[in-house]
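Below, chains carry the letters A, B, ... as their sequence lines are ordered, and counting in each starts from 1.
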Amino acid sequence: MSLRMIRWTALTLATAGLVLAVLFHWQVFFRVPTEASMGLVQRIFYIHAPAAWVAFLAFGIVALCSAVYLWLGEARLDRAALAAAEGGFVFTTIVLLTGPLWGKIAWGTWWTWEPRLTLTLLLWFIYLSYFLVRGATENPGRSQRFAAVVGIVGALNIPLIHISVLWFRSLHPQPVVVRADGPSLHPDMLNTLLTAMGSFTLLFLALFLLRYSVERMGDRADALVREQLHPTPGPTPRA
Amino acid sequence: MTLPPLLEARGLVRDFGPHRAVADVDLTLDVGELMALFGPNGAGKSTLLRLLSGSLRPTEGELHFRGVPFMPGDPRVARQVGVLSHRSFLYRHLTARENLRFYGRLYGVVGLEERVARRLETVGLQARMDHRVATFSRGMVQRLALARTLLHDPALVVLDEPFTGLDLDAALRLSRVLTEVRSDQRAVILVTHDLQRGRELATRVGVMSRGRLEVQAPAHSLDGPGLEALYRRVVEVPS
Amino acid sequence: MTLPPLLEARGLVRDFGPHRAVADVDLTLDVGELMALFGPNGAGKSTLLRLLSGSLRPTEGELHFRGVPFMPGDPRVARQVGVLSHRSFLYRHLTARENLRFYGRLYGVVGLEERVARRLETVGLQARMDHRVATFSRGMVQRLALARTLLHDPALVVLDEPFTGLDLDAALRLSRVLTEVRSDQRAVILVTHDLQRGRELATRVGVMSRGRLEVQAPAHSLDGPGLEALYRRVVEVPS
Amino acid sequence: MTAWIWAVWAILHKDLTREFRTWERLVAMASFAILTAILFNYALDRTEVDPARIASGLIWMTVLFSGLLGLGRTFHLEEEEDALVGLLLTPIPREALYFGKVAANAVLLGVIGGLLLGVFGLFFGLEVRGNPWALAGVMALGIVGFTAVGTLFSAISAGTTMGESLLPLLVFPLLVPLILFGGRATALVLSGGPAEALGGPVRMLGAFAVLALVTGGLLFRYVVEE
Amino acid sequence: MTAWIWAVWAILHKDLTREFRTWERLVAMASFAILTAILFNYALDRTEVDPARIASGLIWMTVLFSGLLGLGRTFHLEEEEDALVGLLLTPIPREALYFGKVAANAVLLGVIGGLLLGVFGLFFGLEVRGNPWALAGVMALGIVGFTAVGTLFSAISAGTTMGESLLPLLVFPLLVPLILFGGRATALVLSGGPAEALGGPVRMLGAFAVLALVTGGLLFRYVVEE
Ligand code: HEM
Ligand SMILES: Nc1ncnc2c1ncn2[C@@H]1O[C@H](COP(=O)(O)OP(=O)(O)OP(=O)(O)O)[C@@H](O)[C@H]1O
Ligand SMILES: Nc1ncnc2c1ncn2[C@@H]1O[C@H](COP(=O)(O)OP(=O)(O)OP(=O)(O)O)[C@@H](O)[C@H]1O
Ligand SMILES: [Mg+2]
Ligand SMILES: [Mg+2]
């Protein structure tokens, strides 16, 4: 797929995502029933949870691309992983912002030491180091492999985060959607959640593609520089 | 029937970021050959040797060892290659003998003890074999590094400026050893800045410049001045 | 009236534990002289240079600089000495220019910027001056190390195997620079294993063996074969 | 296969020889561990809390920190004269290198761990002699997991321009389960809790160790290959 | 004298260039601090003790750990290509080298320290905004003392074969008072204790810092002397 095409798809996805975003905000504010125990704040849920899931999706992509990159050594995959990682980082940050907002009202505290919260924070740190490692070596190929390894290992945390609320006694609510016996939500809540989910996913994909194309352009630039430094050979002197 | 060449490289390229250190090098090396590589500082000699010895992954191009393609870290090839680089690969806190023993084990050398003793004797370090490398003079370190390189009788010997720091006597020994290796159905490729010494040892000479292997010529076809003239022509003429 | 010699050493001894690396060396070096030291590996050349340059404390013996006795770390002397050792003294993570600037400041060099530029140009590194040393080839590092050594126009230049890793062109430049230094009322003492090159450069040659400075002779009194014969005699004959 | 084990052993042997020649890392880790214990003693205001009650957690923290100190250098030793490049040029499989290193580090950390139990037992008056085997077992499991992770990432951090300072950032996030379950298990053993209660955390530690070793073994080659 | 200051500045500038060229190291140390805070949180069984109560002690422990992480490397950088030898060959007085290094390290640790206060404040809900100046003062005093000692000994350990790992062994005994008084002072400030009560520990910290700087300045030359 040519860069131009990539950028166009990215833009279309972005617009679609924004439309959905408007839609689900409308739903959030005018449609869904207010949740009984927590009241209005509960509506953060429609940003909070989808953001988390999209982040998971993103890091899943990172792990996948990284693994295949290590296997095939295909530079594009590394670029893809990087792009996805940045998306995931953003959405994790959103979770880490909306969570406390909610918590302040639902639990009366911004933050508490509680498995899911902590693990999420640590997830954020792992991908911080993912970006650090990239910049920190003498030769590019190496840092990309390092990053890939970090990306893969980091993703191992995700299932742990999901399960954490089940394993440990914890404040954080149990799964209400992704659970053995199907979703336990008011249908309006559910489809609002799904709209939000869709919107975030589209936005993420748009971001992902844009970053990817930027990375690719960077590679092109390098190639051009190289071409200038080493023009294709002329006639070489013979002995 | 003709055997495939010991080592064959096609279209080797190695980039460091935007910088192309080795640009499209083709090279074949046959048993019984000793190739001397010359070139100005930064020409890409060391990088090329690292590519050929499989300690660096080429950006493009392929390598064949006895006709079979290989990638860095292929044990079948590694077992038959001996490498001397700018750094000694030795452990400063271990004694000369411990260093050789260690590497000998990793190469699965049989009859290790007396092999080690023999090599130490070839490089004239018996007297110091139980001293820590940290206490060695530069030339002694270089000698030990050479012993390490030749320890497992590699079929392909790759040497980057092997005469560095060696005194007259040691240099003479080395020349003798290399000639033996060559005449023993094995091959040597070495880099040096000493044109004359290189020419006298080599069966073939090559000159690199700006990442390209510009010329190759049989050593006997050149006398001292001839080689120097060739070198200057290659280096001056911007290819 | 006669000026005192630039550098004078009397009865220098340096022991490393039981091992005597330098044994009772007397040496005077005058301005306008260029002394070349030869000797087998482990003879004590580097150790002697370290003593003369004040980077190592002698076990016995004394040193005089322009007639005044001095000890390692004497700033008055340090300011007038330039040293090139086996190691480069450079910071791998700083650029060539940053390295020179840094040392220039410490030596209190005036007109630093354009001095640095000039030196970089003498060693032919202008093109790479803003690249990190970590990305340099061996010869480039050696060139930069030389630039560092000569940065502050030292009256006494101490060089340990300065031609290591230099290509023909760089070696030529260095020879030229050293001749200038010598003829400019300053002095040079260098170690090399290349008898001929040393002889051509030097006004005086010396041969070390087993820690002793066995012979000293004016360079012009010897031709190539003569020097080699002398060297062999000194080295072979157990003193 | 024998060649494989032979290689692992060669690495292990080399690292330990070097270690017992210079005592570099052992001395460092040991002193660090002991003094940390002392400092904890001071840092924790006695009037606020009885250190003994929280010792099990502190023990694991200390193992972690002194471990990092030692692990951070495993590959630095190799970098010194580019020995790592030399190692990778040998025909041994990269996994052998990894497991050799893990083994060496585990041995060192094992020593430290034992020492720590003693020291804390002394300072905080813990009942270490209760059932030493359970304690040792928990320690061992945790240490294996820790070194498996630590070795992998110390290879990475050694390869970067940041050196050791990157290591904690890389490993800490992954070690939370270790601290958590390790601490819990140790506490249980120390307080002589019921054996069945111990099962959970121990199983977790085991799972962690296995997972770490497997991932490490799989990914290591990509970390070191040039 | 001007030459002297010029030299100190040159060293400081060089080290900081290296640090800030890529913010890597700082980010690493900072996150190290944060992660340590998190780990402490986990290591300490909350049913047993409320971390907030012992936070001041932990803050200082963490400063120490992250400090050692950074300090250990200061002379390692110089060792890489024997640059230290090169430095000693320059006409600058050894003291200038020492104080340059101390300055560089103090700056780095200062950043970390400030960050730590913030982090602990957040996680443990400490009243940091109470009187920030007192806090900053205490922190600064402690850090100066710490770097003064740490730099000296990191030079020693860089010289020994044992490498930087020996550092803790050498430094820690000296740091016990630092932790002690630093922790106490911080605790007092945080609990908004009476100003006069603060006087004691602060004076001790000050004395420690001065003493450390003086001894360091005097001894350094002998440490690096070949
Ligand atoms: C304070 C920081 C918080 C963080 C870091 C956080 C993190 C997360 C994460 C990572 C998820 C996705 C987990 C998964 O589905 O596997 C999630 C989901 C969720 N969070 Fe939070 N959360 C926080 C606070 C809160 C608060 C205060 C509430 C409400 C009281 C809350 C309610 C939920 C709900 C209902 C879900 C969806 C559960 C599901 O269906 O799986 N979260 N949160
Ligand atoms: N890790 C690296 N990162 C960036 N550039 C590099 C790296 N290694 C080498 N280079 C560049 O590649 C080019 C070739 O380096 P190489 O060491 O092969 O030169 P060389 O021919 O061995 O020179 P010398 O004769 O000085 O040893 C140089 O310009 C060098 O700067
Ligand atoms: N730090 C040390 N500890 C113990 N012995 C040492 C130390 N440094 C040098 N030596 C010994 O002193 C002797 C002289 O070393 P030196 O480096 O001066 O030799 P050299 O003449 O420079 O040899 P080369 O030509 O190989 O450089 C050698 O035998 C060496 O082993
Ligand atoms: Mg080279
Ligand atoms: Mg020498």
Side-chain angles (χ1 to χ4, degrees), chain C residues 14 46-47 49-58 70-95 97-110 112 132-134 136 141-142 144-145 148-149 151-152 154 156 158 160, chain E residues 1-26 28 73-101 104 155 158-159 161 218-226:
Chain C
R14 172 68 199 211
S46 300
T47 310
L49 291 196
R50 287 172 68 196
L51 292 171
L52 296 178
S53 61
S55 54
L56 192 65
R57 189 178 286 280
F70 75 97
M71 269 300 189
D74 182 333
R76 294 162 309 165
V77 177
R79 194 168 291 106
Q80 304 184 53
V81 181
V83 182
L84 176 82
S85 106
H86 287 328
R87 315 295 294 282
S88 71
F89 298 169
L90 299 168
Y91 294 92
R92 305 184 66 249
H93 299 297
L94 297 182
T95 68
R97 189 146 47 146
E98 285 166 340
N99 269 288
L100 291 188
R101 264 206 213 110
F102 174 60
Y103 276 103
R105 290 204 185 106
L106 297 187
Y107 278 103
V109 172
V110 292
L112 189 54
R132 283 195 273 87
V133 172
F136 279 13
V141 172
Q142 184 75 357
L144 189 56
R148 200 210 76 249
T149 307
L151 185 61
H152 56 290
L156 172 63
V158 180
D160 199 345
Chain E
M1 192 54 202
T2 54
W4 204 90
I5 292 169
W6 186 235
V8 172
W9 186 79
I11 308 272
L12 175 63
H13 175 268
K14 187 266 294 171
D15 276 15
L16 292 188
T17 327
R18 196 200 177 296
E19 280 306 329
F20 293 98
R21 142 121 351 109
T22 59
W23 282 69
E24 293 163 353
R25 180 80 63 73
L26 268 176
R73 294 184 60 79
T74 36
F75 284 97
H76 218 255
L77 301 178
E78 317 289 336
E79 290 280 303
E80 215 165 54
E81 271 292 327
D82 279 3
L84 186 53
V85 180
L87 283 183
L88 296 176
L89 282 168
T90 64
I92 66 163
R94 279 85 171 95
E95 292 71 26
L97 173 54
Y98 173 71
F99 288 113
K101 281 283 177 188
T161 57
L218 289 176
L219 295 182
F220 187 73
R221 52 165 55 257
Y222 303 105
V223 172
V224 291
E225 194 78 5
E226 245 309 356

(message) Assess the residue pair E:Phe220 and E:Phe99 against the criterion (side chain to side chain contact (heavy atoms under 4.5 Å, CB included)); give the C-alpha distance rounded to whole Å, side-chain angles, the decisive distance to 0.1 Å, and a yes or no.
(response) CA-CA 10 Å; E:Phe220 187 73; E:Phe99 288 113; over 6 Å; no

(message) Any heavy-atom pair between the side chains of C:His152 and C:Arg79 that's under 4.5 Å?
(response) no

(message) Counting heavy-atom pairs closer than 4.5 Å to chain C, which one of E:Ala7, E:Ala83, E:Ala3 comes out on top?
(response) E:Ala83

(request) Applying side chain to side chain contact (heavy atoms under 4.5 Å, CB included), run through C:Arg105 and E:His13 and close with a yes or a no. (result) CA-CA 11 Å; C:Arg105 290 204 185 106; E:His13 175 268; 3.6 Å; yes

(request) Taking the side chain as every heavy atom from C-beta outward, state whether C:Leu52 and C:Val81 have any pair of such atoms under 4.5 Å apart. (result) no

(request) Would you mind reporting whether C:Leu156 and C:Val77 have side-chain heavy atoms less than 4.5 Å apart? (result) no

(request) For chain C, find which of E:Ile92, E:Leu89, E:Leu87 contributes the most heavy-atom pairs closer than 4.5 angstrom. (result) E:Leu89

(message) Out of C:Arg92, C:His86, C:Arg101, C:Arg148, return the one with the most heavy atom pairs under 4.5 angstrom to chain E.
(response) C:Arg92

(request) Under 4.5 Å heavy-atom distance to chain E, tell me which part of C:Leu90 shows up: side chain, backbone, both or neither. (result) backbone

(message) What part of E:Ile11 gets within 4.5 angstrom of chain C, counting heavy atoms only: side chain, backbone, both, or neither?
(response) both

(request) Measure C:Tyr91 against the heavy atoms of chain E and call it side chain, backbone, both or neither at under 4.5 Å. (result) side chain

(message) Is E:Ala10 close to chain C through its backbone or its side chain, or both, or neither, when contacts mean heavy atoms under 4.5 Å?
(response) both

(request) For the residue pair C:Leu144 and C:Phe136, establish whether any side-chain heavy-atom pair is separated by less than 4.5 Å. (result) yes

